[in-house]
Structure formats: C-alpha cells, structure tokens
2 protein chains.
Amino acid sequence: MSTREQTELQTLAQDFREALRHSVYLVRRLDADGDLSAAQLSTLKMLLDDGVRVGEIARNLGVKVPSATEQVIKLERAGLARREADPDDSRAVRVVLTTEGRAAVDSANERRNAVMAGILAALTEDDRKALAAALPVIDKINSSLQN
Amino acid sequence: MSTREQTELQTLAQDFREALRHSVYLVRRLDADGDLSAAQLSTLKMLLDDGVRVGEIARNLGVKVPSATEQVIKLERAGLARREADPDDSRAVRVVLTTEGRAAVDSANERRNAVMAGILAALTEDDRKALAAALPVIDKINSSLQN
DNA sequence: GCTCATAGTTAGGTAGCCTAATAGTTAGGC
DNA sequence: GCCTAACTATTAGGCTACCTAACTATGAGC
C-alpha cells in the first residue's frame, strides 16, 4: 500500500468515526417514536420467523446472555413475547412472539420506516444513490466484526 | 415523486435502519479500546480549541444540559478538564482541557483511528470509495436533525 | 427594581449493558 | 453407568449514560 493510500485510509477512518458519532442524532430521532425501545424492537424482529433461543438473541444483538435475558423478561412482562421450553434441549428456552407482539413489531416498524423515509426524502437523488451504495459496505464491516 | 421512487425510498429507509442497528458492533469495537468512554472522548474533543460552555457541550452531544454537567464532572474528577468562570457571563461556566486532558484526547483518538483504519484496510478500494462518498450524505442528514 | 428568561447544578429515576456466581442439563471418557 | 466438563439460562449486584423536575444564581427588558 502506497503512502498516499495510507494517508487516505487514515482520513477515511477519522471521517467515518466522526460520522458514526454524529449519528446519535439520527438514532435518537428514530427511537423518539415510540413505546418500543430500539433494543426491544430488534429483539422482537428476530422472533418473527420462529422461536429463538436466548443465547441466539444475545449473539444477534451483540450483547452478553444476561442482557438478552433481561430484554426477554421485559418483553414478557409487556405481553409481547413468551418463553417456552425447548423440546430438544431442556437447558434451553425458546422465545416466541405473542399476537400482541406481532402487531407491535409491525406498527413500530412501519412508523420508524416512515420517519426515516421522511428524512431521506429531503435528500437529492444523488445523495440517496451514494447512501444506498455504501450500505452493503457498512454491512460487510459489521458482519466481519460480529465474530 | 413516482410510485417507483416511493418504493425505492421505502426500501432505502428500511435498509439504512438495518445498517444503523448493526453498527452497534462497530461502535462497540471502537469503544472497547479504552479508558475513555465515547461520550467522554467526544466531550474532550470539543474542548480542544477553546473553553466551551456546558450548554454548548450538551447541544453538541445531542443531550440535555444535566447530562453534559454529569460528563464534565466526571472529566474534572479524572483530572482531564477544569471548570472556570466565564468572564462575560457569571451564570455560565467555561470548561477547558487540562494538560493531561489534551494528552488523553490525542492518544485515545490515535488509538481509535488505528482500530478503524485496521477495519477499513480489510475492504476493497471500491468499498472504501463507496463509503467515502456516503459520509457527506450521512453528515448532511445528521446536521439537519441536530436542532 | 420587578419580572421573566437563561445557565447550570442537584436529586431521583430508568434502560441497557457488564461480570460473577448459581442451578440445571447434556455429552464424552472410561 | 457414572463422573466430569461444557453449555444454557437466570439471578444478583454494579456501572454509564441518559432523562425530568426542582432549585440557585445571574442577566435583561421595561
């Protein structure tokens, strides 16, 4: 890698860090929406397909198992999820959505998408293209870190 | 706006939300570095130029004033910042860096940039170009929300 | 010189994360 | 078959970073 490339890498690193830091505004704007916190909405979304084990929830959220248990307990108290015994492994717990949970995911998801769409609508078409082109890269970075 | 554009907007909104959610991995990787939390490093960086008022710190961080006070108190206890009376307005407080604070910003900043650069080095040149092109857009979004 | 606005702090509370310790279950070696 | 080691989840206790509400002190307008 050339010296020029090295410098560019440094600059990009710094700029990306700065952009990430400033994204708190965006994240908070989205979270301001609702009755469902970001962590809880993320958890509920995982449950859409099928029952999911607590450990898997933790891995998906990028947190430790006790933190996932905590989220599940809150969702259960809110009547949005339910814990069931895993038929294959009695150490494990399968977390599933309740009917209310399913409805809550759908409506929270739609409302947040609408907020985000409103923000993106203020951009130019070129801006949106540039953003769309970067999303796969960001996902690539993130999944490489997921460990 | 055409129906096709509407749909694209919805899709982009959803994808961007998803990418943001997954960025916890990246943010946590960067924060794992060190002795200085993300909030504290951000606060310290603001002080580099000049004394900054608590209200201004709050606005910059995107938090309420009491939260900024809290950060300042912690930095003060850590010996990294100092509160001084504002000569122009005795209601106000100017927060300034100590010598240790200045050194701490520099080293934490460098270490985090190095971590980020390491992550970005694993991408292709095209990926980095796409990312670099999107950063101004992200900043544009963020500054539109800042208020 | 009141009154109202502004700057910051204090008090008390919440969410979300962590580590360490614990209970129960499964799996492998012998 | 049994014992140990590994795994799954929960509980307990602690931390950071937010928040709102209530307060103190200073500044500004009329």
Side-chain angles (χ1 to χ4, degrees), chain A residues 21 23-44 46 51-78 80-96 108 147, chain B residues 21 23-44 46 51-78 80-96:
Chain A
R21 178 173 93 68
S23 295
V24 289
Y25 296 112
L26 182 49
V27 171
R28 289 217 241 280
R29 178 66 53 98
L30 290 172
D31 286 357
D33 163 78
D35 14 54
L36 226 45
S37 76
Q40 295 192 344
L41 179 53
S42 297
T43 307
L44 285 179
M46 276 173 232
V52 176
R53 292 159 60 135
V54 175
E56 205 175 335
I57 292 175
R59 236 171 302 120
N60 259 292
L61 288 178
V63 301
K64 302 294 178 193
V65 173
S67 305
T69 296
E70 194 179 323
Q71 290 306 329
V72 170
I73 289 172
K74 278 183 189 161
L75 291 173
E76 202 168 31
R77 272 206 276 266
L80 303 177
R82 205 174 42 245
R83 278 185 285 188
E84 298 179 346
D86 185 321
D88 300 333
D89 183 343
S90 16
R91 292 170 302 181
V93 165
R94 303 205 80 85
V95 185
V96 298
N147 189 5
Chain B
R21 178 173 93 69
S23 296
V24 288
Y25 295 112
L26 183 49
V27 171
R28 288 216 244 282
R29 178 65 55 98
L30 289 172
D31 286 356
D33 163 76
D35 15 52
L36 225 47
S37 76
Q40 295 193 344
L41 179 53
S42 298
T43 308
L44 285 180
M46 275 172 232
V52 177
R53 293 159 60 136
V54 174
E56 204 174 337
I57 292 175
R59 234 172 303 120
N60 259 290
L61 289 178
V63 302
K64 303 296 177 190
V65 172
S67 304
T69 295
E70 194 179 326
Q71 290 306 330
V72 170
I73 289 173
K74 278 185 189 159
L75 290 173
E76 203 167 32
R77 270 207 277 266
L80 303 176
R82 202 175 45 247
R83 281 186 283 190
E84 298 179 347
D86 186 320
D88 302 333
D89 184 343
S90 17
R91 294 170 301 179
V93 165
R94 302 204 80 86
V95 186
V96 299

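Naming convention: chains lettered A, B, ... in sequence-line order (proteins, then strands); numbering from 1 in each chain.
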> What's the CD1-C1' distance between B/Ile73 and C/dT9, to the nearest Å?
Replying inline: 7 Å

>> Assuming nearest nucleotide by heavy-atom distance, tell me which of A/Asp88 and A/Val63 is located more 5' along DNA chain C.
In response: A/Val63

> Within the structure, does a side-chain N or O atom of B/Lys74 lie under 4.0 Å from either OP1 or OP2 of D/dA17?
Replying inline: yes

> Is the side chain of A/Arg83 donor-acceptor paired with the backbone N or O of A/Val72 at a distance under 3.5 Å, no angle test?
Replying inline: no

>> Can you see if the side chain of B/Ser37 gets near the phosphate of D/dT16 - specifically, an N or O under 4.0 Å from OP1 or OP2?
In response: no

> Mapping A/Glu70 and A/Arg83 onto DNA chain D by nearest heavy atom, which one lands closer to the 5' end?
Replying inline: A/Arg83

>> For a quick check of understanding: with a heavy-atom distance under 4.0 Å over all strands, which category does A/Val65 fall into, base, sugar-phosphate or nothing?
In response: base

> Can you tell me if the side-chain N/O atoms of A/Lys64 get under 4.0 Å from OP1 or OP2 in C/dA20?
Replying inline: no

>> Taking A/Gln40's backbone N and O only, do any of them form a donor-acceptor pair with A/Ser37's side chain (distance below 3.5 Å, no angle check)?
In response: yes

>> Nearest to the A/Ala92 side chain among C/dG8, D/dA9, C/dC17, which nucleotide is it?
In response: D/dA9

> Going by heavy atoms in the side chains, are B/Thr43 and B/Val95 under 4.5 Å from each other?
Replying inline: no

> Checking all strands, does A/Asp89 fall into the base, sugar-phosphate, or nothing category for heavy-atom contacts under 4.0 angstrom?
Replying inline: sugar-phosphate

>> Tell me the interatomic distance from A/Leu61, atom CG, to C/dG16, atom P, rounded to whole angstroms.
In response: 10 Å

> Quick check: does any side chain N or O of A/Arg53 sit under 3.5 Å from a backbone N or O of A/Ala92, one acting as donor and the other as acceptor?
Replying inline: no

> Any donor and acceptor pair, going by atom type alone, linking the side chain of A/Arg21 with main-chain N or O of B/Ser42 inside 3.5 Å?
Replying inline: no

> If only side-chain N and O atoms of B/Thr69 are considered, is one of them under 4.0 Å from the OP1 or OP2 phosphate oxygen of C/dG8?
Replying inline: no

> Would you say a side-chain N or O of A/Ser67 is under 4.0 Å from OP1 or OP2 of C/dC18?
Replying inline: yes

> In whole Å, what is the span from the CG atom of A/Asp31 to the P atom of C/dG16?
Replying inline: 9 Å

>> Categorize B/Val54 for me: base, sugar-phosphate, or nothing, with a 4.0 angstrom heavy-atom threshold over every strand shown.
In response: sugar-phosphate

> Could a donor-acceptor pair under 3.5 angstrom be found where the side chain of A/Arg91 meets the base of C/dT26?
Replying inline: no

> Between B/Glu56 (CD) and C/dA7 (P), how many Å, whole number?
Replying inline: 11 Å

> When the distance from CG of B/Leu41 to P of D/dT16 is rounded to whole Å, what number comes out?
Replying inline: 16 Å

> What are the two closest non-hydrogen atoms of A/Asp86 and A/Arg94, and how far apart are they?
Replying inline: OD2-NH1, 2.7 Å

> So, is B/Gln71 close to the D/dT16 phosphate, meaning a side-chain N or O under 4.0 Å from OP1 or OP2?
Replying inline: no

> When the distance from CZ of B/Arg59 to C1' of D/dC18 is rounded to whole Å, what number comes out?
Replying inline: 18 Å

> Between A/Gln40 (CD) and C/dC17 (C1'), how many Å, whole number?
Replying inline: 14 Å

>> Without decimals, in angstroms, what is the distance between A/Arg53 CZ and C/dT26 P?
In response: 11 Å

> Counting just side-chain N and O atoms, does A/Ser90 come under 4.0 Å of either OP1 or OP2 of D/dT8?
Replying inline: no

